[in-house]
Novice: 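Below you'll find the structure I mean.
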Amino acid sequence: MATGTENMEKRDRKHYLSDISPKWCPGCGDHAVFSALTSVFAELDMPREKLTVISGIGCSSRFPYYLSSYGFHTIHGRAPAVALGAKLANPDLNVWVITGDGDALSIGGNHFMHLMRRNANIKVILFNNEIYGLTKGQASPTSKTGLPTKTTPLGSIDRPIRPLSVALAAGATFAARVVDNNPTLMKEVLTAAAKHEGVAVVEVLVNCIIFNNNAHEKYQDRKQRDNNTIVLKDGAPLIFGENKDRGIVLDGLTPKAVTIGQDGITEEKILTHRLNVEDTTLAHMLSEADAMNLPLPIGILYQTHKPTYEERLKGEREAAIQRSGEGDLDKLLNQGDTWRVD
Ligand SMILES: Cc1ncc(C[n+]2csc(CCOP(=O)(O)OP(=O)(O)O)c2C)c(N)n1
């Protein structure tokens, strides 16, 4: 993952590729994310020496090998800790975390949650194939109820976690979802995530062709997706459907799908999507929409602006120096109750 002083020419996507070609299965959704993210790096003209891509363990976590940037294939579920360390050591770095649904939400659930609440300027791409791919097909926290897997041969009896609900509950300031076969929207959302000043999580619904094929079919298939997804746009009504005549309204506190033109429903009655608001009510509703048999929201569900972890830490340090002067580490370690063991 060598890097060096960059020349001043505009970079193209190949500039970000290492000499190792991706080893994901043919047809795996991870290829699409790799292609979109490297294009976004090129479009943003991101210097490689400022780019650090940190992953946990899983098929998706092989990502840093394929990039010509700094990177670290860490241990299972622990990419957030390494990423935060890198960001604090050098706040100028563009730090990206690559993780899977198992890596982020099983073994790494605790770390994921704290990465979200701290709001460091770190970007997380969560590859959700609803299965453990690398270890050959065990149920993950996002596997659908009833899914037969190696560890749930009679079907999973668990309820799936919705990654963006966890992220929002923990305080994420940017939460988005995209599907692996919509590269245009994926690039748009990854670009917005890259520009967001704070933690950004992008859940990508990726197909695992071997161990959980077509898990996201109703959101990917051209014939079905318009009726099963709502593409979110800031300031636009929550309208969906192949004829663009379906929408979401609130019935009391319950969101429900309606048809425009029926039962007195007009477009004005449809809920409007809003970003850059502090209130998370709408975002929480959107993150749970499919659990309420509503279409799956795609795009940016939530974005708000709050001071980053690195800014807060710097502020705290500066205030302490102003109050008590520059510290002396030797003095600190040797003051108060200390012992000498001979
Ligand atoms: C401490 C530890 N426990 C378990 C494993 C085995 N393991 C490796 S990857 C993985 C799950 C990967 O699933 P996911 O994060 O969904 O990624 P995918 O392979 O599907 O991209 C597991 C359980 C491990 N490597 N380390």
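Bear in mind that the values here come from a model prediction, so they are computed numbers and not experimental data. Remember, it's 1-based here, ligands and their atoms both numbered in the order they're listed.
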Novice: Out of curiosity, does Ile248 fall in the hydrophobic cluster containing Leu250 (side-chain heavy atoms, cut-off under 4.5 Å, transitive links)?
Specialist: yes
Novice: When rounded to the nearest 0.5 angstrom, what is the spacing between OG1 in Thr52 and CD1 in Ile122?
Specialist: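 So the gap between those two atoms works out to 10.0 Å.
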Novice: With a 4.0 Å cut-off, would you call Asp290 and Arg162 a salt bridge?
Specialist: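 Between Arg162 and Asp290 there is a salt bridge, with a charged N closer than 4.0 Å to a carboxylate O.
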Novice: Mind checking what residues have non-hydrogen atoms under 4.0 angstrom from ligand 1?
Specialist: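 Within 4.0 Å of ligand 1, protein side: Ile57, Gly58, Cys59, Ser60, His76, Gly100, Asp101, Gly102, Asp103, Ile107, Asn129, Ile131, Tyr132, Gly133, Leu134, Thr135.
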Novice: Identify, with sequence neighbours excluded, every residue that meets side chain to side chain donor-acceptor pair (under 3.5 Å) alongside Ser140.
Specialist: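 Partners of Ser140 under the side chain to side chain donor-acceptor pair (under 3.5 Å) test: Asp101, Thr142.
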Novice: Only pairs under 3.5 Å count here: list side-chain donor-acceptor contacts from residues 185-198, not counting sequence neighbours, and write none if there are none.
Specialist:
from: Thr191; atom 1: OG1; to: Lys187; atom 2: O; distance (Å): 2.6
from: His196; atom 1: ND1; to: Gln303; atom 2: NE2; distance (Å): 2.9
from: His196; atom 1: NE2; to: Thr173; atom 2: OG1; distance (Å): 2.8

Novice: Can you list the other members of the hydrophobic cluster that holds Ile131, where links are side-chain heavy atoms under 4.5 angstrom apart?
Specialist: Leu147, Ile209, Ile210, Phe211
